[in-house]
Amino acid sequence: MEKRIINPWKWQDQRSYVQAVEAKNVESTLYVSGQTAISAEGISSDEDMKSQLILALQNLEQVISEAGFECSGIVRLNIYTTSTAELWPHFEIFQNWVAKYDVKPALTMLEVTSLFETLKVELEATVVK
């Protein structure tokens, strides 16, 4: 599989995403449902945004790994949050995770009215290999 990053500008480099990703010679594509801060027992977290972001990233990583893919293969990532104001102070956690796995996704972040039960952040990904 080949990935080509398209960045007409430089400003997005500090925000841990790219403007577009072209994937060629893809063996397989994985479409990951929104991953949130839900425990292995199916219990939604009622903790703060930081804790929920960490667990959502762990859950995303686990689904990708168990499917036989790698996080570095993420080409599209959507972030849904009930509060961008609450998420921004913890965005470094996301950026460190992206750097750890050399993820360079096309990214969209949306603030939504609500998520399931007490959840504050949800991560939806498209992964290729």
Side-chain angles (χ1 to χ4, degrees):
M1 185 266 303
E2 295 174 55
K3 284 196 298 186
R4 181 174 69 109
I5 305 301
I6 297 91
N7 274 337
W9 312 283
K10 296 290 181 198
W11 56 262
Q12 73 283 317
D13 297 348
Q14 294 180 346
R15 296 181 178 150
S16 301
Y17 73 97
V18 301
Q19 296 298 328
V21 179
E22 178 185 23
K24 292 182 180 181
N25 304 314
V26 172
E27 175 187 321
S28 190
T29 303
L30 179 68
Y31 300 93
V32 183
S33 293
Q35 296 301 303
T36 59
I38 295 181
S39 71
E41 294 76 31
I43 299 168
S44 296
S45 173
D46 60 359
E47 294 186 33
D48 63 7
M49 181 66 79
K50 178 181 179 181
S51 299
Q52 288 202 20
L53 177 59
I54 291 168
L55 183 53
L57 286 166
Q58 290 170 350
N59 287 344
L60 178 62
E61 184 177 337
Q62 183 174 351
V63 169
I64 292 169
S65 175
E66 288 193 20
F69 286 70
E70 295 180 10
C71 292
S72 62
I74 295 172
V75 293
R76 178 85 177 141
L77 185 63
N78 296 329
I79 301 173
Y80 304 96
T81 181
T82 56
S83 173
T84 53
E86 276 185 73
L87 183 59
W88 288 130
H90 310 295
F91 204 67
E92 186 175 330
I93 293 167
F94 171 76
Q95 290 181 303
N96 290 338
W97 187 86
V98 164
K100 175 182 175 182
Y101 292 105
D102 194 30
V103 176
K104 292 181 174 57
L107 182 107
T108 298
M109 180 184 293
L110 296 170
E111 184 170 298
V112 296
T113 305
S114 67
L115 293 169
F116 184 69
E117 297 180 335
T118 55
L119 300 171
K120 298 174 182 252
V121 64
E122 186 164 335
L123 308 170
E124 177 185 57
T126 304
V127 190
V128 296
K129 66 175 174 178

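For the single chain, residues carry numbers from 1 onward in sequence order.
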Distance, nearest 0.5 Å, that separates [atom1] of [X] from [atom2] of [Y]:
| X | Y | atom1 | atom2 | answer |
| --- | --- | --- | --- | --- |
| Met109 | Thr81 | CE | OG1 | 7.0 Å |
| Gln35 | Glu61 | CD | CD | 11.5 Å |
| Glu122 | Leu110 | CD | CG | 11.0 Å |
| His90 | Ser51 | NE2 | OG | 8.5 Å |
| Lys24 | Glu2 | NZ | CD | 6.0 Å |

Considering residues at least two apart in sequence or located in another chain, which fulfil the side chain to side chain contact (heavy atoms under 4.5 Å, CB included) criterion with [X]?
| X | answer |
| --- | --- |
| Ala125 | Val32, Leu60, Ile74, Leu77, Val127 |
| Ser114 | none |
| Lys3 | Met1, Val21, Val75 |
| Glu27 | Lys129 |

Min side-chain heavy-atom separation [X]-[Y] under 4.5 Å:
| X | Y | answer |
| --- | --- | --- |
| Asn78 | Arg76 | yes |
| Leu57 | Leu123 | yes |
| Thr113 | Thr82 | no |
| Leu53 | Trp97 | no |
| Glu111 | Tyr80 | no |
| Val128 | Leu30 | no |
| Glu92 | Asn96 | yes |

Non-hydrogen atoms of [X] and [Y] that approach each other most closely:
| X | Y | result |
| --- | --- | --- |
| Ser83 | Met49 | O-CE, 3.7 Å |
| Cys71 | Ile64 | N-CG2, 3.8 Å |
| Val26 | Ser28 | CG1-O, 3.2 Å |
| Ser72 | Tyr101 | CB-O, 3.2 Å |

Using only atom types and a distance under 3.5 Å, with no angle test, would you say the side chain of [X] pairs donor to acceptor with the backbone of [Y]?
| X | Y | answer |
| --- | --- | --- |
| Glu124 | Ser33 | no |
| Glu86 | Asp48 | no |
| Asn59 | Thr36 | yes |
| Gln52 | Leu119 | no |

Derivation of the side-chain contact (heavy atoms from CB on, under 4.5 Å) call for Leu55 and Ile38: CA-CA 8 Å; Leu55 183 53; Ile38 295 181; over 6 Å; no

Of all pairs that satisfy ring-ring contact (aromatic ring centres under 6.0 Å, His included), the ones with a partner from residues 24-63, not counting sequence neighbours: none

Intermediate values then yes/no, side-chain hydrogen bond (donor to acceptor under 3.5 Å, both in side chains), Gln62 and Glu66: CA-CA 6 Å; Gln62 183 174 351; Glu66 288 193 20; 2.9 Å; yes

Ser39-Glu41 side chain donor-acceptor pair, cut-off 3.5 Å: yes

Ile79 with Val63, same ILVMFWY side-chain cluster at under 4.5 Å: yes

Verify same cluster id: Ile54, Leu115 (apolar side-chain graph, 4.5 Å): no

Contacts of Phe91 that satisfy ring pair (Phe, Tyr, Trp, His ring centres under 6.0 Å) - sequence neighbours left out: Trp88, Phe94

